[in-house]
Trainee: 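First the structure, which I've put down as structure tokens, then a few questions once you've had a look.
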Amino acid sequence: MVDASLETILRLIEKSERGLAQIEMSLSSILGTREAILETIKKQGNGNVILDLALAVLDSMLAENEIIYDISSSLNALLKATDDYTKRYYMQILNLCFWEASQLLVGENDDECGLLIKLEKSTKELNQAGCQFIIKHIINDINEFKKKYADKDLRNVTRHYDVPTKIYECQQKLSNIDFFAKGASQLMAIRMEMSVVSSFLLNLLALPIKSILHNEALVQRRGVDLRGMFNDAIFKAFRKKNLENIVQQVLSKGQKILDDCYRLYRNCGNVTKFSEERYGQIPGGFKKMESLLLLRMETLYLKYDIACSVWGYLNASSDMERTQNLRLIHITKQAALTHIYGYNEEFRAKSLWVRIQALEEANETLNTEKVEESLKKLTRNLEGDRNNSNMFAHYRYKDVYYIPARLEAFGKMSHYKELADSKKLLDVCNSLEEYTMRFLYCINDKQKRERKKQCDEWITKLDGFADKIGDNEEAKESLRSIRGIIEQLYSL
């Protein structure tokens with residue numbers, strides 16, 4: 001694992017802390033002004049180029065703030081992390097931020113719904129050639145940034161647990177913290193360029209907007225109550241309950257356990273492939289063991305990602321940073337519950353829970369009523385929460401711009417519920433992990449019994465030969481040698 005240089009860390013901490021402080025002061029005024037403009041457009045109808053440009057500028061300002069908010073929070077967590085799994089988790093989250101920021105601002109092939117594409121178009125309509133030139137330059141910077149720092153394959157496996165070996169292989173490439181720190185620094189620099197343009201345009205439009213809005217002060221309206229984002233008492237209460245110690249213990253050995261699982265899975269695959277190519281058959285139990293190891297890896301990734309998001313929340317140093325990690329808790333919890341149990345019959349039919357119960361060994365080893373009851377309670381409102389999950393995971397979808405609604409939803413989130421649900425979900429994951437271990441032991445015991453039975457059959461045959469050869473010492477010695485080889489082979 002290559003850590004960021006001290007110079008990079010100090011520079012980024014200074015930038016991120018300053019950025020978070022600025023965001024806390026500016027969010028309410030931006031949201032309030034945006035609300036006033038939307039109300040006026042609704043009354044007057046579309047076609048006012050000044051209001052269209054003002055709305056594009058305010059959306060751009062919200063994007064600047066939200067991107068820096070996410071980047072700063074994730075970067076701070078990465079720099080504080082001490083174990084390899086948590087570091088890799090926050091590298092994935094930073095990559096996700098890089099990708100989503102690029103999609104929000106310019107999209108794929110500069111699509112028309114990208115915020116900067118819309119802003120550039122609006123400045124063109126008002127003959128602001130200088131601003132238009134700078135915005136085009138920023139768009140080029142973002143496209144270059146995306147090519148270098150936003151990894152689409154890594155983004156596609158983040159919080160998607162269907163192919164755990166692919167997650168593992170992508171994560172193993174994540175070892176250079178300095179790369180992500182420099183990416184965050186570059187995106188912060190691009191944000192400063194955007195801020196210069198936004199501030200210039202907002203000052204230019206201030207008087208015309210006030211006139212259109214009937215001289216209402218821009219910063220006196222408040223569209224969203226953000227107080228619910230900050231809940232220090234609940235944060236302190238959960239720290240006192242030693243939740244931090246619980247997640248730290250979960251994560252301290254996480255990477256080693258995953259390494260062992262992946263190695264065993266590859267070994268099983270190699271044995272299976274060799275046996276099939278050489279002898280035309282697969283040894284009993286190996287294919288099933290491969291499937292079980294994949295189930296176990298799925299369970300571990302679910303458990304560790306939940307633990308990482310809770311760890312980030314409990315180690316946050318500001319209200320805004322804590323809220324960012326609460327968002328991660330919510331998204332990770334929703335993704336985990338959808339994968340484990342599903343939110344309707346279609347998803348439940350292919351869920352991890354159904355696949356575990358379908359195993360032959362499940363009937364012999366499981367007492368699942370308590371775990372299923374917990375899953376039913378945790379998934380009770382899962383389908384209704386899906387809109388929030390999409391909104392928290394993405395900045396926009398096509399022409400639907402999520403950031404204003406996301407900020408409003410932040411104010412309604414229950415810190416207590418998200419943390420309490422995460423603790424229950426960790427308990428469920430512990431049970432699932434225990435089940436997969438039991439299944440592996442069952443298969444191992446079954447294989448041992450089968451090997452012993454086969455060994456005993458060979459020994460019985462050899463004993464029959466021994467009775468027939470009489471006093472021939474040379475033949476007896478050969479039989480003893482063969483018997484030793486058979487016993488050694490079947491003991492493996």
Side-chain angles (χ1 to χ4, degrees), residues 158-164 167 231 234 237-238 241-243 246-247 249-250 291-292 294-311 313 325-393 409 412-440 442:
T158 302
R159 286 193 292 269
H160 293 89
Y161 303 100
D162 302 280
V163 189
I167 301 173
N231 204 323
I234 289 173
F238 271 92
K241 288 183 179 181
N242 291 322
L243 186 56
I246 292 170
V247 296
Q249 286 171 13
V250 167
S291 299
L292 274 174
L294 288 177
L295 284 177
R296 179 163 166 72
M297 286 183 76
E298 284 179 53
T299 304
L300 291 170
Y301 275 120
L302 293 162
K303 177 180 173 180
Y304 297 156
D305 280 7
I306 294 160
C308 281
S309 59
V310 172
W311 177 89
Y313 177 94
N325 281 284
L326 193 71
R327 177 182 71 86
L328 291 181
I329 290 173
H330 181 84
I331 301 169
T332 308
K333 182 188 75 173
Q334 296 292 103
L337 286 170
T338 300
H339 192 80
I340 293 170
Y341 199 66
Y343 55 84
N344 58 30
E345 292 306 315
E346 179 189 351
F347 276 82
R348 193 153 300 142
K350 54 188 179 183
S351 67
L352 180 64
W353 182 248
V354 167
R355 283 181 284 141
I356 283 177
Q357 289 192 309
L359 293 167
E360 176 188 340
E361 291 76 17
N363 296 326
E364 302 172 21
T365 61
L366 296 191
N367 181 11
T368 60
E369 289 82 1
K370 186 177 177 182
V371 175
E372 183 148 29
E373 186 60 31
S374 291
L375 284 168
K376 284 179 179 177
K377 288 179 181 176
L378 286 166
T379 56
R380 194 165 288 157
N381 299 313
L382 190 60
E383 188 164 13
D385 286 340
R386 288 184 68 222
N387 286 337
N388 273 1
S389 294
N390 289 332
M391 180 170 62
F392 287 160
K412 297 175 182 177
M413 289 181 78
S414 167
H415 289 234
Y416 179 84
K417 183 180 184 302
E418 296 297 338
L419 290 168
D421 283 354
S422 295
K423 174 65 172 65
K424 292 171 187 172
L425 191 49
L426 283 173
D427 291 339
V428 167
C429 288
N430 284 335
S431 296
L432 296 178
E433 188 183 355
E434 182 186 346
Y435 296 162
T436 58
M437 284 302 297
R438 286 189 198 176
F439 299 158
L440 288 167
C442 281

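Residue indices begin at 1 and follow the sequence shown. What you see below is based on every heavy atom in this structure, not just the backbone, and it leaves out hydrogens, waters and symmetry mates.
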Trainee: Rounded at 0.5 Å granularity, tell me how far CE in M413 sits from NE2 in H330.
Mentor: 5.5 Å
Trainee: Considering non-hydrogen atoms only, spot the tightest contact between L300 and E433 and give its length.
Mentor: CD2-OE2, 3.5 Å
Trainee: Could you pull out the closest heavy-atom pair between A336 and I306, with the gap in Å?
Mentor: CB-CD1, 3.9 Å
Trainee: Does the pair Y313 and H415 meet the rule for a side-chain contact (heavy atoms from CB on, under 4.5 Å), with working shown?
Mentor: CA-CA 10 Å; Y313 177 94; H415 289 234; 2.7 Å; yes
Trainee: Can you name the residues that form a ring pair (Phe, Tyr, Trp, His ring centres under 6.0 Å) with Y301, not counting sequence neighbours?
Mentor: none
Trainee: Check whether any side-chain heavy atom of Y161 sits under 4.5 Å from a side-chain heavy atom of R159, and report yes or no.
Mentor: yes
Trainee: Do K303 and L426 come close enough that some side-chain heavy atom pair is under 4.5 Å?
Mentor: yes
Trainee: Please lay out, stage by stage, how R327 and I331 fare under the test side-chain contact (heavy atoms from CB on, under 4.5 Å).
Mentor: CA-CA 6 Å; R327 177 182 71 86; I331 301 169; 3.5 Å; yes
Trainee: With rounding to the nearest 0.5 angstrom, report the NZ to CD1 distance, K417 to I329.
Mentor: 12.0 Å
Trainee: Is any side-chain heavy atom of L378 closer than 4.5 Å to one of Y341?
Mentor: no
Trainee: L432 versus W353: any side-chain heavy-atom pair under 4.5 Å?
Mentor: yes
Trainee: Report yes if the side chains of K423 and L419 come closer than 4.5 Å at any heavy-atom pair, otherwise no.
Mentor: no
Trainee: Evaluate the side-chain proximity of C429 to I340: yes if any heavy-atom separation is below 4.5 Å, no if none is.
Mentor: yes
Trainee: Is there a donor-acceptor pair under 3.5 Å between the side chain of N325 and the backbone N or O of L328?
Mentor: no
Trainee: Can you tell me how far apart CD (E372) and CD (Q357) are? Round to the nearest 0.5 Å.
Mentor: 5.5 Å
Trainee: Side chains of L337 and D421, heavy atoms from C-beta outward: is any pair under 4.5 Å?
Mentor: no
Trainee: Output the distance between atom CG (D427) and atom OG (S422), rounded to the nearest 0.5 Å.
Mentor: 11.0 Å
Trainee: How far does CG of L375 sit from CG of L352, to the nearest 0.5 angstrom?
Mentor: 9.5 Å
Trainee: Do R348 and E345 meet the salt-bridge criterion of a basic N to acidic O distance under 4.0 Å?
Mentor: yes
Trainee: Run T299 and R296 through side-chain contact (heavy atoms from CB on, under 4.5 Å) and show every step you take.
Mentor: CA-CA 5 Å; T299 304; R296 179 163 166 72; 5.7 Å; no
Trainee: Compare all side-chain heavy atoms of Y435 with those of S431 and state whether any distance is below 4.5 angstrom.
Mentor: yes
Trainee: What pair of heavy atoms forms the shortest contact from G342 to S351, and how long is it?
Mentor: N-CB, 4.4 Å
Trainee: NZ of K333 to CG of L326: how many Å apart, nearest 0.5 Å?
Mentor: 9.0 Å
